[in-house]
Colleague: 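The following block contains the structure, expressed as structure tokens.
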There are 2 protein chains.
Amino acid sequence: MPRPPGRPRSGIDDTVFAATLETIDSLGYTRATVDRIAAAAGIAKTTIYRRWPTKGALITSCLVDAFGPAPLTGADRSEVLSAAIRWIAAKIGEPGIGAAFAGVFTDAVNDPELRQILSTQLQDPYRLALEQVLNEPEQRVLFFIDVVVGTLLHRLGMTGRPMVTTDVEALVTMVVATLNESPAQQSPTSAVPARRS
Amino acid sequence: MPRPPGRPRSGIDDTVFAATLETIDSLGYTRATVDRIAAAAGIAKTTIYRRWPTKGALITSCLVDAFGPAPLTGADRSEVLSAAIRWIAAKIGEPGIGAAFAGVFTDAVNDPELRQILSTQLQDPYRLALEQVLNEPEQRVLFFIDVVVGTLLHRLGMTGRPMVTTDVEALVTMVVATLNESPAQQSPTSAVPARRS
DNA sequence: CGGTATCGATACTAGGAGTAGCATAACTCG
DNA sequence: CGAGTTATGCTACTCCTAGTATCGATACCG
């Protein structure tokens with residue numbers, strides 16, 4: 001794949017991501033203006049707007065980078081889900097990440113385009129992976145995501161602090177219990193045999 | 001109680017509340033500027049700022065008025081909690097209320113003063129009432145509130161639509177199960193007898 | 001060296017939160 | 001009725017932020 005003509009982009013994405021989280025962590029989401037983020041990264045604001053169309057897109061991109069792939073490991077479905085909940089809770093507790101997440105989520109509520117970006121780029125990969133590994137339908141996985149992420153963000157938003165371990169464990173217990181009770185399905189297609197009408 | 005001197009305030013609070021919800025419902029939270037809300041209410045913007053210090057305070061006040069007292073009724077704790085969850089879910093689904101709630105919550109994440117207003121004026125009354133009627137400690141009631149409200153707002157924020165009845169019932173089932181399992185406490189002080197050291 | 005695309009810097013537009021000042025309206029008291 | 005007091009409407013303003021425009025300089029390719 002030949003390099004396209006013109007001056008190549010300098011590899012500053014990681015620098016911008018780091019500057020974004022640092023600025024949000026130290027000043028809060030609203031005061032983390034694009035100007036300040038650019039200054040913290042040592043680049044011009046216009047350079048940021050050449051790479052990300054809006055501030056929300058920048059934050060989303062930063063979060064996708066910060067979260068990385070989810071560790072969906074465990075002996076059974078319960079362990080996988082427990083590990084996933086503890087993982088996202090820890091991530092939201094990291095400096096800057098939780099505030100960035102809450103901030104961009106907040107913006108997305110009233111911005112359909114940003115909501116689309118957030119849903120597609122950030123949520124969907126994890127949702128699809130969870131549907132696979134848990135062998136659960138989309139509706140149910142979306143419900144779990146709403147419960148877990150919604151709870152963690154509500155706690156962060158109302159108190160300004162991430163959820164403590166004790167409550168995270170209560171969340172794990174509650175959600176895993178729900179997973180194992182309702183329509184328990186261990187094997188995908190054979191659980192409910194098709195019935196001819 | 002003698003009327004204080006000067007021109008009395010005109011009784012426009014209800015008009016402003018209605019105009020606020022209407023404007024948010026039709027234009028969305030971000031486009032519902034104070035100017036537009038004032039115009040919809042047929043008053044001057046300065047009049048709004050004489051009664052509420054900030055836009056967030058106006059929305060919070062509007063929500064307190066819109067929610068009203070929670071119907072904490074039922075034969076036992078499970079019924080009370082179930083009714084409360086269905087009630088808040090229905091409220092958040094009403095036109096304008098959910099968007100207003102999500103919007104002001106969003107703003108509060110990065111605004112400690114607004115967070116204080118929201119916590120004190122909106123959440124605390126319901127939290128205290130729930131602690132009484134459920135006979136549960138503060139920490140546990142706060143956890144339930146985080147789960148229920150967080151889940152409902154996350155669904156509204158990610159999809160733009162309130163949670164459907166099926167999922168609300170799943171939420172009810174999940175939370176009520178947690179209420180009845182963990183440290184079940186039927187009587188307040190006698191459950192754990194004081195032990196002299 | 002020519003072509004192309006990025007970067008930095010400065011200046012700009014658009015829009016919303018919140019404020020200031022003033023004329024006017026409404027009400028109480030004497 | 002008139003003086004005192006407070007609320008309202010209106011206009012104009014400040015401050016801040018997202019996002020855009022422009023232009024010279026820079027880096028890479030052939």
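Just so it is clear, the model here is predicted, and its values are computed rather than measured.
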Colleague: B:Ile37 CD1 to C:dG18 C1': how many Å, rounded?
Modeller: 14 Å

Colleague: Between the base of C:dG18 and the side chain of B:Lys45, is there any donor-acceptor pair under 3.5 Å?
Modeller: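 Between C:dG18 and B:Lys45, which were checked side chain against base, a qualifying N/O pair under 3.5 Å is present.
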
Colleague: Distance check needed: C:dG8 P versus A:Asp35 CG, whole Å only.
Modeller: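 From A:Asp35 CG to C:dG8 P: 14 Å.
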
Colleague: Taking the nucleotide of DNA chain C with the nearest heavy atom to each, does B:Arg31 or B:Pro5 sit closer to the 5' end?
Modeller: B:Arg31

Colleague: Round to a whole Å and report the spacing from CZ of A:Arg50 to P of D:dA21.
Modeller: 12 Å

Colleague: With heavy atoms under 4.0 Å as the rule, sort A:Thr30 into base, sugar-phosphate or nothing.
Modeller: nothing

Colleague: Let me know the distance between CD1 of A:Ile43 and P of C:dG8, rounded to the nearest Å.
Modeller: 6 Å

Colleague: May I ask you to say whether B:Glu169 pairs ionically with B:Arg86, meaning some side-chain N is under 4.0 Å from a carboxylate O?
Modeller: yes

Colleague: Answer yes or no: does atom CD of B:Gln116 have more than 12 heavy-atom neighbours from other residues, nucleotides or ligands under 6.0 Å?
Modeller: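 It does not: B:Gln116 CD has 12 such atoms or fewer within range.
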
Colleague: By nearest atom, which of the nucleotides C:dA9, D:dT8, C:dA17 is closest to the A:Ala44 side chain?
Modeller: C:dA9

Colleague: What nucleotide among D:dG9, C:dC27, D:dA18 has an atom nearest to a side-chain atom of B:Pro8?
Modeller: C:dC27

Colleague: Whether A:Thr46 contacts C:dG8 is assessed here as follows: a side-chain N or O lying under 4.0 Å from the phosphate OP1 or OP2. Is that the case?
Modeller: no

Colleague: Step through the shown structure and confirm whether more than 12 heavy atoms of other residues, nucleotides or ligands are within 6.0 Å of CZ on A:Arg51.
Modeller: yes

Colleague: Roughly, in whole Å, what's the span from OH in B:Tyr49 to C1' in C:dA20?
Modeller: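 Distance, rounded to whole Å: 14 Å.
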
Colleague: Considering heavy-atom distances to DNA chain C, does A:Pro4 or B:Lys55 have its closest nucleotide positioned more toward the 5' end?
Modeller: A:Pro4

Colleague: Does B:Arg36 reach a base, just sugar-phosphate, or nothing at all? Heavy atoms under 4.0 Å.
Modeller: sugar-phosphate

Colleague: Provide, to the nearest angstrom, the distance between the CZ atom belonging to A:Arg51 and the P atom belonging to C:dA5.
Modeller: 16 Å

Colleague: Verify the contact: side-chain N or O of B:Thr33 to OP1 or OP2 of C:dG16, cut-off strictly under 4.0 Å; return yes or no.
Modeller: no

Colleague: Is the number of heavy atoms from other residues, nucleotides or ligands under 6.0 Å of B:Gln139 CD greater than 12?
Modeller: no

Colleague: Take atom CG of A:Asp111 and atom P of D:dA18, then tell me their distance rounded to the nearest Å.
Modeller: 13 Å

Colleague: Does CD belonging to A:Gln132 count more than 12 external heavy atoms closer than 6.0 Å?
Modeller: no

Colleague: How close or far is atom P of D:dA7 from atom CG of B:Asp13, stated in whole angstroms?
Modeller: 13 Å

Colleague: Under 4.0 Å between a side-chain N or O of B:Arg7 and OP1 or OP2 of C:dT24?
Modeller: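 So the side chain of B:Arg7 is outside the cut-off, no N or O lying under 4.0 Å from OP1 or OP2 of C:dT24.
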
Colleague: Please figure out whether A:Gly6 or A:Thr54 has its closest DNA chain D nucleotide nearer the 5' end.
Modeller: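 The residue closer to the strand's 5' end, by nearest nucleotide, is A:Thr54.
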
